[in-house]
Amino acid sequence: MFVWQKNFELGIEVIDEQHQKLFQIANEISELITRYADGEDTYDEIISVIGELKEYTVYHFKTEEDLFLKYNYPDYTQHKKEHHVFIEHLDEVVFLDLDHNQEKFLRDLLNMIAKWVLDHILTQDFKYKDFLLMAQNKA
């Protein structure tokens with residue numbers, strides 16, 4: 001479902017690699033939806049992939065924020081707030097909903113991730129792209 005495209009690249013290798021990993025995790029969720037639709041109970045795997053998503057997202061956001069601090073990115077505070085909002089969304093996942101209807105839960109989660117990740121990469125992350133590339137070239 002999630003296919004990495006060249007137009008998603010920022011040209012900052014570590015960030016691009018991490019964004020690709022987020023796409024892989026989203027694809028794992030998509031695979032769980034397919035398996036659930038085929039009659040498999042994927043509850044434990046769903047719990048695991050949500051944990052992986054949260055852990056990796058926190059790691060990725062820290063990488064970005066460390067670069068912002070290193071190069072004195074002027075919109076650091078605003079970008080960090082957006083990171084915080086996404087982590088809050090992940091923290092608010094109601095596992096009771098998962099237990100009642102795994103397929104709907106997974107589809108809703110996948111839609112939220114798709115919308116946020118694509119929007120964040122293509123709009124918010126591209127705002128810092130030129131700044132960080134220039135700062136890294138000067139260093």
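Excluded from the calculations below are hydrogen atoms, water molecules and symmetry mates; all remaining heavy atoms, backbone and side chain alike, are included.
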**Request:** Please name all residues satisfying side chain to side chain donor-acceptor pair (under 3.5 Å) with T34, sequence neighbours left out, ordered by chain then number.
**Result:** none
**Item:** Atom pair CD (E82) and OG1 (T123), whose distance is rounded to the nearest 0.5 Å
**Value:** 7.0 Å
**Request:** Identify the heavy atoms of I87 and V58 that sit nearest to each other, and give their distance.
**Result:** CD1-CG2, 3.5 Å
**Prompt:** Partners of F131 by ring pair (Phe, Tyr, Trp, His ring centres under 6.0 Å), sequence neighbours excluded?
**Reply:** Y73
**Item:** Residue list, side chain to side chain contact (heavy atoms under 4.5 Å, CB included) with E31, at least two apart or on another chain
**Value:** R35
**Message:** Just to verify, what does M112 make a side chain to side chain contact (heavy atoms under 4.5 Å, CB included) with, not counting sequence neighbours?
**Reply:** F86, H89, L90, L109
**Message:** Could you work out, with side chain to side chain contact (heavy atoms under 4.5 Å, CB included) as the rule, every residue matching S48, not counting sequence neighbours?
**Reply:** none
**Request:** Check whether any side-chain heavy atom of Y128 lies under 4.5 Å from a side-chain heavy atom of D75, and answer yes or no.
**Result:** no
**Request:** Scan residues 59-73 for pairs that pass salt bridge (Lys or Arg N to Asp or Glu O under 4.0 Å), counting only residues two or more places apart or in two chains.
**Result:** K62-D66, E65-K80
**Prompt:** Are M134 and L132 connected in the hydrophobic side-chain network, where two residues link if heavy atoms are under 4.5 Å apart?
**Reply:** no
**E52: partners by salt bridge (Lys or Arg N to Asp or Glu O under 4.0 Å), with sequence neighbours left out** = K21
**Message:** Show every salt bridge (Lys or Arg N to Asp or Glu O under 4.0 Å) that has at least one partner inside residues 108-136, sequence neighbours left out.
**Reply:** K104-D108
**Asked** Between CD of Q124 and CD of Q78, what distance do you get to the nearest 0.5 Å?
**Response** 7.5 Å
**Asked** Going from CD on Q18 to OG1 on T57, what distance comes out if it is rounded to the nearest 0.5 angstrom?
**Response** 10.0 Å
**Ring geometry between F68 and Y76 (parallel below 30°, tilted from 30 to 60°, perpendicular above 60°)** = perpendicular
**Request:** Mind checking the CG-CG spacing from N27 to L32? Nearest 0.5 Å is all I need.
**Result:** 11.0 Å
**Item:** Pairing residues for F126 by the ring pair (Phe, Tyr, Trp, His ring centres under 6.0 Å) criterion, not counting sequence neighbours
**Value:** none
**Request:** Determine the interplanar angle of the Y59 and Y56 rings, folded into 0 to 90°, and report it as parallel if under 30°, tilted if 30 to 60°, perpendicular if over 60°.
**Result:** tilted
**Asked** Going from CG on L22 to CG on L118, what distance comes out if it is rounded to the nearest 0.5 angstrom?
**Response** 11.0 Å
**Asked** Sequence neighbours excluded, which residues qualify as ring pair (Phe, Tyr, Trp, His ring centres under 6.0 Å) partners of H19?
**Response** H60
**Prompt:** Under 6.0 Å from the CD atom of Q136, do we count more than 12 heavy atoms belonging to anything else shown?
**Reply:** yes
Name each donor-acceptor pair under 3.5 Å that joins a side chain in residues 1-13 to protein atoms two or more places apart or in another chain, with its distance.
from: K6; atom 1: NZ; to: E9; atom 2: OE1; distance (Å): 3.2

**Prompt:** side-chain contact (heavy atoms from CB on, under 4.5 Å) between D91 and K54: does it pass, once the steps are laid out?
**Reply:** CA-CA 8 Å; D91 284 341; K54 183 177 176 188; 2.3 Å; yes
